[in-house]
Protein chains: 2
Amino acid sequence: MGPRKEDRNKETCTASLNAVKDALYVLNGKWKLPLILSLQEGPQRFNEIQKSLGEITPKILSKELKDLELNEFVVRKVFSTTPVTITYELTPYSESLERVIDELRDWGLKHRERLVKNRRTESVAAEITASL
Amino acid sequence: MGPRKEDRNKETCTASLNAVKDALYVLNGKWKLPLILSLQEGPQRFNEIQKSLGEITPKILSKELKDLELNEFVVRKVFSTTPVTITYELTPYSESLERVIDELRDWGLKHRERLVKNRRTESVAAEITASL
DNA sequence: CGGTATCCTGCGGGATACTG
DNA sequence: CAGTATCCCGCAGGATACCG
């Protein structure tokens, strides 16, 4: 015997919740997205990234890069030049993010338009006082 | 004369970045998603939501609901019963989130699978030492 | 150049108590 | 019942300095 219908639904529900949270977690924080977008221009070295992002401190950059490595969006490559050269570049797998990011971007654009429009039309009649 | 090509690209780029951030902002935080999922079961009253979410405090719940109202995902309805009854329910507009959430969920599921699989195959050979 | 090590701060979120 | 008011804490993220 399997679980009852309501239980299955509840489980399915919290399962999706966790999946969504996983996805959000990956993109979350102040620097993940700027970092990915920056690396889409091509491989870069630590200090190059730091400059292109503006005000990020090395500690944070280091941590963010490690996170992205763990999630396999980024590879750290060590070249035995003298002195040693290190680059970070996006993996092919990182391309799987594009669909998600596109979807988020499209939705984000529409949402902002919508909010701006509604500020004008003063649709704050939203608070209905439904008399019975 | 318009801006140079590189500038346009940069602007387009930061524009999408902001759009994505808008979208993420809307779903972010500990409670937004659980709250939306809970309200998908139908309209609920303040205390009902509180119970169904488990450990959320009234202050936080109040704040989250206001956020969702501002973004027009939720309507607060006041019924003039005695005593007054108040419900919160999802708006039709909140359905526009479904595509985004589905996309995030699908990606999240695959990503987790992938990570689990790769932990096993011990693919930490990812750190290449490319000699020149 | 490519990072660590320490210290510090703001703020998202919580505990608890109170109110119309 | 449907919230506000106060106080509080952990932790992401930052400033600054230092290291191989």
Side-chain angles (χ1 to χ4, degrees), chain A residues 17 21-22 24-36 38-39 42-71 74-89 126-130 132, chain B residues 17 21-22 24-36 38-39 42-71 74-89 126-130 132:
Chain A
L17 180 58
K21 282 187 175 172
D22 283 352
L24 288 179
Y25 182 75
V26 152
L27 298 176
N28 247 343
K30 192 171 175 181
W31 295 108
K32 297 270 159 53
L33 281 163
L35 205 35
I36 291 172
S38 171
L39 286 174
Q44 276 176 270
R45 304 169 66 175
F46 195 89
N47 285 349
E48 288 174 331
I49 305 175
Q50 213 182 338
K51 275 163 212 154
S52 83
L53 286 189
E55 356 88 67
I56 192 172
T57 63
K59 188 185 87 176
I60 305 298
L61 179 54
S62 174
K63 198 209 98 208
E64 298 292 302
L65 284 169
K66 278 173 185 161
D67 285 358
L68 293 179
E69 263 190 276
L70 266 180
N71 285 316
V74 162
V75 235
R76 178 183 190 268
K77 288 191 175 170
V78 183
F79 298 93
S80 317
T81 49
T82 39
V84 165
T85 308
I86 293 166
T87 67
Y88 294 88
E89 61 185 271
E127 173 155 338
I128 299 173
T129 307
L132 293 188
Chain B
L17 179 59
K21 281 187 176 174
D22 282 353
L24 287 179
Y25 182 74
V26 152
L27 297 175
N28 248 342
K30 191 170 173 182
W31 295 108
K32 296 271 160 51
L33 281 163
L35 205 35
I36 291 171
S38 171
L39 285 174
Q44 276 176 271
R45 304 169 65 175
F46 194 90
N47 285 349
E48 287 174 331
I49 304 175
Q50 213 182 337
K51 274 163 213 156
S52 83
L53 287 188
E55 356 89 67
I56 192 173
T57 63
K59 188 184 86 175
I60 306 298
L61 179 53
S62 174
K63 198 209 97 209
E64 298 292 301
L65 285 170
K66 277 173 186 160
D67 285 358
L68 293 180
E69 264 190 275
L70 266 181
N71 284 317
V74 161
V75 233
R76 179 181 188 270
K77 288 191 176 170
V78 183
F79 298 92
S80 318
T81 49
T82 40
V84 164
T85 308
I86 293 166
T87 68
Y88 294 88
E89 61 185 271
E127 175 155 338
I128 298 173
T129 307
L132 294 188

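Just so we're on the same page: letters track the sequence lines, and every chain starts at 1.
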Between [X] ([atom1]) and [N] ([atom2]), how many Å, whole number?
X        : N       : atom1 : atom2 : answer
Trp31(B) : dG12(C) : CH2   : C1'   : 13 Å
Glu69(A) : dG2(C)  : CD    : P     : 14 Å
Ile86(B) : dA2(D)  : CD1   : P     : 6 Å
Leu24(A) : dG12(C) : CG    : P     : 17 Å
Phe79(A) : dG2(C)  : CZ    : C1'   : 15 Å
Lys77(B) : dC1(D)  : NZ    : C1'   : 20 Å

request  = Strictly below 4.0 Å, heavy-atom distances to any atom of DNA chain D: list the hits from residues 45-64 of chain B, or just say none.
outcome  =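 Going residue by residue through residues 45-64 of chain B, the ones with a heavy atom under 4.0 Å of DNA chain D turn out to be Arg45(B), Phe46(B), Asn47(B), Pro58(B), Lys59(B), Ser62(B).
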
request  = I would like to know whether Glu69(B) and Arg76(B) meet salt bridge (Lys or Arg N to Asp or Glu O under 4.0 Å); could you show each step before the answer?
outcome  = CA-CA 8 Å; Glu69(B) 264 190 275; Arg76(B) 179 181 188 270; 5.1 Å; no

Would you say [X] reaches [N]'s phosphate, i.e. side-chain N/O to OP1/OP2 under 4.0 Å?
X        : N       : answer
Tyr88(B) : dG3(D)  : yes
Lys66(B) : dA2(D)  : no
Tyr25(A) : dA12(D) : no

request  = Quickly, which of Leu65(A), Ile56(A), Ile36(A), Leu68(A) forms a side chain to side chain contact (heavy atoms under 4.5 Å, CB included) with Trp31(A)? Name it, please.
outcome  =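 With Trp31(A) as partner, Leu65(A), Ile56(A), Ile36(A), Leu68(A) yield a single side chain to side chain contact (heavy atoms under 4.5 Å, CB included), made by Ile56(A).
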
inquiry  = Checking Glu48(A) now: which residues fulfil salt bridge (charged side-chain N to carboxylate O under 4.0 Å, His left out) with it, not counting sequence neighbours?
reply    =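 Glu48(A): no salt bridge (charged side-chain N to carboxylate O under 4.0 Å, His left out) contacts found.
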
Contacts of type salt bridge (charged side-chain N to carboxylate O under 4.0 Å, His left out), residue Lys32(A), not counting sequence neighbours =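 For Lys32(A) the salt bridge (charged side-chain N to carboxylate O under 4.0 Å, His left out) partners, ignoring immediate neighbours, are Glu64(A), Asp67(A).
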
message = Side chain of Lys30(A), heavy atoms from C-beta onward: which of dG3(C), dG13(D), dG13(C) has the nearest atom to it?
response =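 Among dG3(C), dG13(D), dG13(C), the one nearest the side chain of Lys30(A) is dG13(D).
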
message = Can you identify which nucleotide, out of dG3(D), dT4(C), dT4(D), has its nearest atom closest to the Arg76(B) side chain?
response = dG3(D)

query = If you take all heavy atoms of Ser38(B) and Leu53(B), which pair is closest and at what distance?
reply =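 Scanning both residues completely, I find the closest heavy atoms to be CB-CD2, 4.2 Å.
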
message = When you compare the side chain of Val75(A) with that of Thr87(A), does any pair of heavy atoms fall below 4.5 Å?
response =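 No, side chains not in contact.
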
task = Flag the pair Phe46(A) / Leu61(A) as yes when at least one side-chain heavy-atom distance between them is below 4.5 Å, and no otherwise.
result =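 Yes, their side chains come closer than 4.5 Å.
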
